[in-house]
A.B. asks: 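Here you go, one structure.
Numbers here are sequence positions counted from 1. Everything numeric in this text was worked out from a predicted model, so none of it was measured. Only this structure's heavy atoms are used, side chains among them; waters, hydrogens and symmetry mates stay out.
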Amino acid sequence: MMYGFRVVDKLQKINKDIKAGQLKYHAKRVLVSKEFTFDAAHHLHCYEGKCKNLHGHTYRVIFGLSGFIDDRGLLIDFGDIKEIWKNEIEIFLDHKYLNETLPLMNTTAENMVVWIYEKMAEALKNRQKQYDGARVEFVRLYETPTSYAEAKREWMEHE
């Protein structure tokens, strides 16, 4: 009895059913995106409102990275983005007091999103030989589920 699914008849094999030169379908710039969350505490200076007091958020960060694919059809492995995040950015953010671990700034979403953008841009620049034309197109930082700040490449590079 069939239940609306099927197992493939034959698993495609490299250099038998598909050649290595066929893996790269195009030469266009593409964007990949990966999302992360972190929990942190902070407070704002020169601000009248609840955020002047020490408090915390579960932040959500979305990266949009663009570039050109390699001979396998990959721009950057999602695991590589996660490794950059874990080793070069998140260590300053997750379960930290942001006023202490970030450069001297008011720890607003607007300031933090630019810092996060700069950290990812620097990491990609240091790996240019690995990833063809890879660059940060945007970083979106949600401070709450409905409130975010965003940094875009055109603003970071041309203003």
A.B. asks: Side chains of S66 and R29: do they bring a donor and an acceptor to under 3.5 Å?
C.D. replies: yes

A.B. asks: Could you check whether any side-chain heavy atom of F63 comes within less than 4.5 Å of a side-chain heavy atom of I89, counting everything from C-beta outward?
C.D. replies: yes

A.B. asks: I need the W85 CH2 to I91 CD1 distance, nearest 0.5 Å.
C.D. replies: 10.5 Å

A.B. asks: Quick one: does M120's side chain get under 4.5 Å of W115's, heavy atoms only?
C.D. replies: no

A.B. asks: If you measure from the Lys or Arg side-chain nitrogens to the Asp or Glu carboxylate oxygens, is any gap between E118 and R153 under 4.0 Å?
C.D. replies: no

A.B. asks: Would the number of heavy atoms belonging to other residues, nucleotides or ligands and lying under 6.0 Å from NZ of K125 be above 12?
C.D. replies: no

A.B. asks: Taking all heavy atoms of D71 and all of L23, pick out the closest pair and write down the distance.
C.D. replies: O-CB, 3.4 Å

A.B. asks: Do the side chain of N15 and the main chain of K19 share a donor and acceptor less than 3.5 angstrom apart?
C.D. replies: no

A.B. asks: What heavy-atom pair brings F92 and L98 nearest, and what distance separates the two atoms?
C.D. replies: O-CD2, 4.0 Å

A.B. asks: Within the 3.5 Å criterion, strictly below it, is a donor on H43 or H55 matched to an acceptor on the partner's side chain?
C.D. replies: no

A.B. asks: If you apply the rule salt bridge (charged side-chain N to carboxylate O under 4.0 Å, His left out), what do you find for E154 with R135, and how did you get there?
C.D. replies: CA-CA 11 Å; E154 55 267 32; R135 65 189 189 199; over 6 Å; no

A.B. asks: Is a side-chain donor or acceptor of D17 paired with a backbone partner of K13 at a separation under 3.5 angstrom?
C.D. replies: yes

A.B. asks: Does the pair D39/K96 count as a salt bridge with the N-to-O cut at 4.0 Å?
C.D. replies: no

A.B. asks: Please work out whether the ring planes of Y59 and F38 are parallel, tilted or perpendicular, with thresholds of 30° and 60°.
C.D. replies: parallel

A.B. asks: Step by step, would you call K34 with K82 a side chain to side chain contact (heavy atoms under 4.5 Å, CB included)?
C.D. replies: CA-CA 8 Å; K34 187 134 177 78; K82 182 177 180 180; 4.1 Å; yes

A.B. asks: Does the side chain of D70 reach to within under 4.5 Å of the side chain of D132, using non-hydrogen atoms?
C.D. replies: no

A.B. asks: Can you find a side-chain donor-acceptor pair between Y47 and N106 that sits under 3.5 Å?
C.D. replies: no

A.B. asks: Would you say that I84 contacts K119 through its side chain, given a criterion of any heavy-atom pair below 4.5 Å between the two side chains?
C.D. replies: no

A.B. asks: Side-chain contact, heavy-atom cut-off 4.5 Å: V32 with I81?
C.D. replies: yes

A.B. asks: Please check this pair: side chain of E143 against backbone of H57, looking for a donor-acceptor N/O pair closer than 3.5 Å.
C.D. replies: no

A.B. asks: Apply side chain to side chain contact (heavy atoms under 4.5 Å, CB included) to residues T37 and Y142 and explain how you reach the verdict.
C.D. replies: CA-CA 9 Å; T37 61; Y142 282 85; over 6 Å; no

A.B. asks: Side chains of L31 and F138: does their closest heavy-atom pair fall under 4.5 Å?
C.D. replies: yes

A.B. asks: Locate the shortest heavy-atom distance separating M105 from M112; write the atom from each residue and the value.
C.D. replies: SD-N, 4.3 Å

A.B. asks: Ignoring hydrogens, what is the shortest heavy-atom contact between V139 and Y117? Give both atom names and the distance.
C.D. replies: CG2-CA, 3.8 Å

A.B. asks: I want to check something: taking the side chain as every heavy atom from C-beta on, are L102 and L93 in contact at a cut-off of under 4.5 Å?
C.D. replies: yes

A.B. asks: Determine the minimum heavy-atom distance between A151 and M156, stating which atoms define it.
C.D. replies: CB-CE, 3.9 Å

A.B. asks: Short question: side chain of N87, backbone of E83 - any donor-acceptor pair under 3.5 Å?
C.D. replies: yes

A.B. asks: When you compare the side chain of D80 with that of Y131, does any pair of heavy atoms fall below 4.5 Å?
C.D. replies: yes

A.B. asks: One thing to verify: whether E35 and R60 come together as a salt bridge, which I'm taking to mean a side-chain N less than 4.0 angstrom from a carboxylate O.
C.D. replies: yes

A.B. asks: Which heavy atom of V113 sits nearest a heavy atom of A149, and at what distance?
C.D. replies: CG2-O, 3.6 Å

